[in-house]
Trainee: 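What follows is a structure written as structure tokens; I'll ask about it next.
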Amino acid sequence: MANHEEEDLRMALRMSMQNSPPDPKRSKPRDGPAGAPAEEPSAVKTRRLQRELMAAAAEKRMLVAKKSSPSASPSKVLSGSAGSCSGLAPKVVTKDKELSLEQVNLGKGLSEEDAKQLFSMVFGSEVTKGILAQWSNQGIRFSPDPETSMGLVQHEGGPCGVLAAIQAFVLKYLLFYPAELGKVAPNMHQNTGSGTPSNSQCVATNNFASLTEDAKARVLIRSMGEILFLCGSNKRAVIATLSVIGEETERSEDRLNDEVITKSLEGLSIESAADLHKVLRVSTYTTQESAFQRLQAVLPAFQSRMGALLFLISALLSRGLDLVQSDRDDPSLPLVTAPFGHASQEIVNLLLCGQAVPNVFDGKMDLGGGMSLKGISKTVEVGFLTLLESLNFCKVGQYLKSPKWPIWVVGSESHYTVLFSLDTTVQDENELEGRESHIRKAFDAQDQSGGGGFISVEGFHQVLRETNVKLPTEKVDLLCSTGFIVWSEFWQVILDLDKSLGGLKDSTGLMGKKVFDLYHFNGIAKSDLNGSQTSSGGEIPVQRPRLTKLRVSVPPRWTPEEYMTDVVVTSASSGNESGGKVSEIAKPEPAQHAPLVDCIRTRWPRAVCNWVGDPPSIV
């Protein structure tokens, strides 16, 4: 019975491949305006419907055969839950290649109403062909350059917000879940960061050149799946692809690959809601396993030139178009901004936190009269920093500024890049700043002056006991001589008191300064003079993404200037040069500045940065 049904299935697929010639492709974009609708030729529509009906009928027969034949081999079914077609999707063996029906039947089409709403929401009514071309010519692909092999390459302006968000999640998996890279089924409960990381310290490796293509593909699939489920409130993921890809796959004897995808996309352009209605196909998945299997099957489609747009559409549909509009403060504006076609903050926030809110502060801002502005409502896996905060145009809240993992999408006026660290402790509070906070809290608890900054002698002794500060008797007597203790005077004594006695004086001379490394990745393929190649005509700059390592020093917020000098005097015998012992601390590299440093200082105030080679670029 099972063999008979498999033969029927193969026959149905063969008929759909042989009896339906290729649909005519457009060799160039339409000459009309970007929003002009186009009718699907009746012959093309008839052939498409015929193929869909044949595939659906064959699938139904296989399902019936499976139910009636308990002895059917489990290896011939693939579990899935794609919308109304949830259940088992049979596979067909074609010349030693397995091609699942899920790959052929790419899902349901959008209704005309949904297609219009989607196109208008993303591009608006006055979008130019240039912007549409930007978003129709950007795939989600890794850099072939060994030094930046962990990064996604951007060739067109506009979709950088989508790529940067995916890149941030990709880095999360590459850096902090390396043991998961070889597994077929991901541990999503762990990977989605449902709880605080169990390890207080995690230091990753930066050996990106050793990454295999298979490992990177797995990481990309997991990252995309996590984002889509995040947009779907962890209940569903909608995956969008194109009908023309399925049609070309039917004519091919192999799985989806670059050659098949490229051929299927020849002449295809998305210029109107009618185009979306004609070629877009969507499937809904309610389990992570089925969504990951689906993403793995259609990954070449997301790597194609339509990939960034398909992923944005998938995220919007996962969230739900009506919910996306309710997230926004002004739903009348397009999500892709004019005149340059950049991804809006709403797109970036949707991919980072699952809601298309337009602001970066925490929670809501009440404007009175029942009006409010929407911000970020919860802790996020990867964060966000922006140059606009350094220019006082906005204020990024702690949810985005202090994510679970030390990875941030960085926004400028016109571009999105990614900043990250290999060490999770870069977000820990400075040790001495924590000590200062503890002492100040104990002092304020004894302050009965209503915030005047002084306490009684009795309260002062209580502070010393609570904070375990061991002051010399003469210092205690001096501070208590007036009958009350002022915070500024007490604090100066604490700064001069050695750490071993409960003070903050650091014998190393660093005085609590944090020193760590950050990495900045810009996916735009730019000329890199440091990696130039030599030819007969001279040096030729290599066009590739940029990965820059930055050395960052962050002194505590209260560090006095005398503790920030390069030379530390360790003896008080200043009048006797021969008796005075001076120890030099290694002088740091001179501070360097670039707009990225201003972004870093919104997270670590007073940070000093330096790097080797070209300055990091956030444009």
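All residue numbers refer to positions in the sequence shown, counting from 1.
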Trainee: Work out which heavy atom in I618 is nearest to a heavy atom in C599; give both atom names and the distance.
Mentor: CD1-SG, 4.2 Å
Trainee: Look only at the side chain of Q345 and the backbone of V360, and say whether a donor-acceptor pair between them is shorter than 3.5 Å.
Mentor: no
Trainee: Any side-chain heavy atom of L309 sitting closer than 4.5 Å to one from F311?
Mentor: no
Trainee: Which residue pairs satisfy the salt bridge (charged side-chain N to carboxylate O under 4.0 Å, His left out) criterion with at least one member in residues 111-121, sequence neighbours excluded?
Mentor: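 Qualifying pairs: none.
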Trainee: In Å, rounded to the nearest 0.5 Å, how long is the span from CZ of R222 to OH of Y177?
Mentor: 11.0 Å
Trainee: Please check if any side-chain donor atom of Y285 sits under 3.5 Å from a side-chain acceptor atom of R236, or the reverse.
Mentor: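 No, no side-chain donor-acceptor contact under 3.5 Å.
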Trainee: Run the side-chain hydrogen bond (donor to acceptor under 3.5 Å, both in side chains) test against T212 and tell me which residues pass, sequence neighbours left out.
Mentor: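 Partners of T212 under the side-chain hydrogen bond (donor to acceptor under 3.5 Å, both in side chains) test: none.
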Trainee: Could you walk me through whether T417 and H520 pass the side-chain contact (heavy atoms from CB on, under 4.5 Å) test, one step at a time?
Mentor: CA-CA 8 Å; T417 55; H520 178 254; 2.8 Å; yes
Trainee: Can you measure from CG (L422) to CG (L518) and round to the nearest 0.5 angstrom?
Mentor: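 These two atoms lie 9.5 Å from each other.
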Trainee: Among all residues two or more places apart in sequence or in another chain, which pass the salt bridge (charged side-chain N to carboxylate O under 4.0 Å, His left out) test with R328?
Mentor: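 Checked R328 against salt bridge (charged side-chain N to carboxylate O under 4.0 Å, His left out); matches are E346.
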Trainee: Going by side-chain hydrogen bond (donor to acceptor under 3.5 Å, both in side chains), name the residues that satisfy it together with R305, two or more places apart in sequence or in a different chain.
Mentor: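 So R305 forms no side-chain hydrogen bond (donor to acceptor under 3.5 Å, both in side chains) with any residue.
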Trainee: Measuring only between side-chain heavy atoms, which start at C-beta, is L230 closer than 4.5 Å to L352?
Mentor: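 When only atoms from C-beta onward are counted, L352 and L230 do not touch, as no gap falls below 4.5 Å.
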Trainee: Applying side-chain hydrogen bond (donor to acceptor under 3.5 Å, both in side chains), name anything that partners H277, two or more places apart in sequence or on another chain.
Mentor: none
Trainee: Just by distance, with hydrogens left out, do H342 and S414 show a side-chain donor and acceptor under 3.5 Å apart?
Mentor: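 No donor-acceptor contact under 3.5 Å links the two side chains.
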Trainee: Atom CG of L171 and atom CD1 of I407: how far apart are they, to the nearest 0.5 Å?
Mentor: 5.5 Å
Trainee: Just so I know, are the side chains of R294 and S283 near enough to count as touching, which here means a heavy-atom distance under 4.5 Å?
Mentor: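 In short, these two side chains touch, coming nearer than 4.5 Å.
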Trainee: Backbone N or O of L323 within a donor-acceptor pair of the S326 side chain at under 3.5 Å?
Mentor: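 Pair found, side chain donor or acceptor close to backbone of L323.
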Trainee: Is any side-chain heavy atom of S223 closer than 4.5 Å to one of Y173?
Mentor: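 Yes, side chains in contact.
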Trainee: For the pair T548 (side chain) and P616 (backbone), establish whether a donor and an acceptor sit closer than 3.5 Å, ignoring hydrogens and angles.
Mentor: no
Trainee: Looking at CG of L351 and CG of L316, how far apart are the two atoms once the value is rounded to the nearest 0.5 Å?
Mentor: 8.0 Å
Trainee: With rounding to the nearest 0.5 Å, note down the distance linking SG in C353 to NZ in K378.
Mentor: 6.5 Å
Trainee: Side chains of L211 and F142, heavy atoms from C-beta outward: is any pair under 4.5 Å?
Mentor: no
Trainee: Taking it one step at a time, do R281 and K108 satisfy side-chain contact (heavy atoms from CB on, under 4.5 Å)?
Mentor: CA-CA 5 Å; R281 297 293 180 268; K108 297 181 178 180; 6.0 Å; no
Trainee: Kindly indicate, with the supporting measurements, whether the criterion side-chain contact (heavy atoms from CB on, under 4.5 Å) is fulfilled by L268 and D275.
Mentor: CA-CA 9 Å; L268 176 67; D275 290 336; over 6 Å; no
Trainee: Identify, with sequence neighbours excluded, every residue that meets side chain to side chain contact (heavy atoms under 4.5 Å, CB included) alongside Q134.
Mentor: E156
Trainee: If every non-hydrogen atom of Y416 is compared with every non-hydrogen atom of C160, which pair is closest and at what distance?
Mentor: N-SG, 3.6 Å
Trainee: Within the distance-only criterion (no hydrogens, no angle test), does the side chain of R546 pair as donor or acceptor with the backbone N or O of N522 below 3.5 angstrom?
Mentor: no
Trainee: Would you call L265 and L242 a side-chain contact if the rule is heavy atoms closer than 4.5 Å?
Mentor: yes
Trainee: Whether the side chain of Q355 engages the backbone of L350 through a donor-acceptor N/O pair (distance < 3.5 Å, no angle test) should be reported.
Mentor: no
Trainee: List in chain and number order the residues that pass side chain to side chain contact (heavy atoms under 4.5 Å, CB included) with T379, two or more places apart in sequence or in another chain; answer none if no residue qualifies.
Mentor: Y399, K404
Trainee: What pair of heavy atoms forms the shortest contact from W135 to G158, and how long is it?
Mentor: CZ2-O, 3.5 Å
Trainee: Who are the side chain to side chain contact (heavy atoms under 4.5 Å, CB included) partners of T148, not counting sequence neighbours?
Mentor: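 Once residues adjacent in sequence are excluded, the partners of T148 under the side chain to side chain contact (heavy atoms under 4.5 Å, CB included) criterion are S143, D145, F521, P545, L547.
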Trainee: So which atom in T337 and which in I131 form the shortest heavy-atom distance, rounded to 0.1 Å?
Mentor: O-CD1, 4.5 Å
Trainee: Using modelled atom types only, decide if a donor and an acceptor are shared between the side chain of S120 and the backbone of Q117 within a distance under 3.5 Å.
Mentor: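 Pair absent, no side-chain N/O of S120 close to backbone of Q117.
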Trainee: For the residue pair L163 and V153, what are the closest heavy atoms and their distance?
Mentor: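 Closest approach of L163 to V153, heavy atoms only: CD1-O, 3.8 Å.
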Trainee: State which residues pass ring-ring contact (aromatic ring centres under 6.0 Å, His included) with F420; sequence neighbours excluded, sorted by chain then number.
Mentor: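 By the ring-ring contact (aromatic ring centres under 6.0 Å, His included) rule, F420 matches Y519.
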Trainee: Is the side chain of S421 donor-acceptor paired with the backbone N or O of D423 at a distance under 3.5 Å, no angle test?
Mentor: yes
Trainee: Where is the tightest heavy-atom contact between A164 and V418, given as atom of each residue plus distance?
Mentor: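 In this case the closest contact between A164 and V418 is O-CG2, 3.6 Å.
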Trainee: Within a strict 4.5 Å, meaning less than it, do heavy atoms of the R544 and E147 side chains meet?
Mentor: yes
Trainee: Is the distance between the ring centroids of W405 and F169 less than 6.0 Å?
Mentor: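 No, the ring of W405 stays outside the 6.0 Å limit from the ring of F169, centre to centre.
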Trainee: Can you tell me if Q167 uses its side chain to pair, donor with acceptor, with the backbone of G523 under 3.5 Å?
Mentor: no
Trainee: Supply the atom-to-atom distance L110 CG to I313 CD1, rounded to the nearest 0.5 angstrom.
Mentor: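 The CD1 atom of I313 is 8.0 Å from CG of L110, to the nearest 0.5 Å.
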Trainee: Which residues pass the side-chain hydrogen bond (donor to acceptor under 3.5 Å, both in side chains) test with N137, sequence neighbours left out?
Mentor: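 side-chain hydrogen bond (donor to acceptor under 3.5 Å, both in side chains) check on N137 returns nothing, list empty.
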Trainee: Could you tell me which residues satisfy side chain to side chain contact (heavy atoms under 4.5 Å, CB included) with S210, sequence neighbours excluded, listed by chain and number?
Mentor: N207
Trainee: For the pair V282 and I239, evaluate side-chain contact (heavy atoms from CB on, under 4.5 Å) and give the outcome as yes or no after the intermediate values.
Mentor: CA-CA 6 Å; V282 297; I239 299 176; over 6 Å; no
Trainee: Pairs in or reaching into residues 312-321: which pass side chain to side chain donor-acceptor pair (under 3.5 Å), with residues at least two apart or in two chains?
Mentor: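 Listed once each, the pairs are R319-D327.
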Trainee: Are any of the side-chain heavy atoms of M306 and S136 separated by less than 4.5 Å?
Mentor: yes
Trainee: For V357, is there any backbone N or O sitting under 3.5 Å from a side-chain donor or acceptor partner on N349?
Mentor: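 Here the side-chain-to-backbone pair exists.
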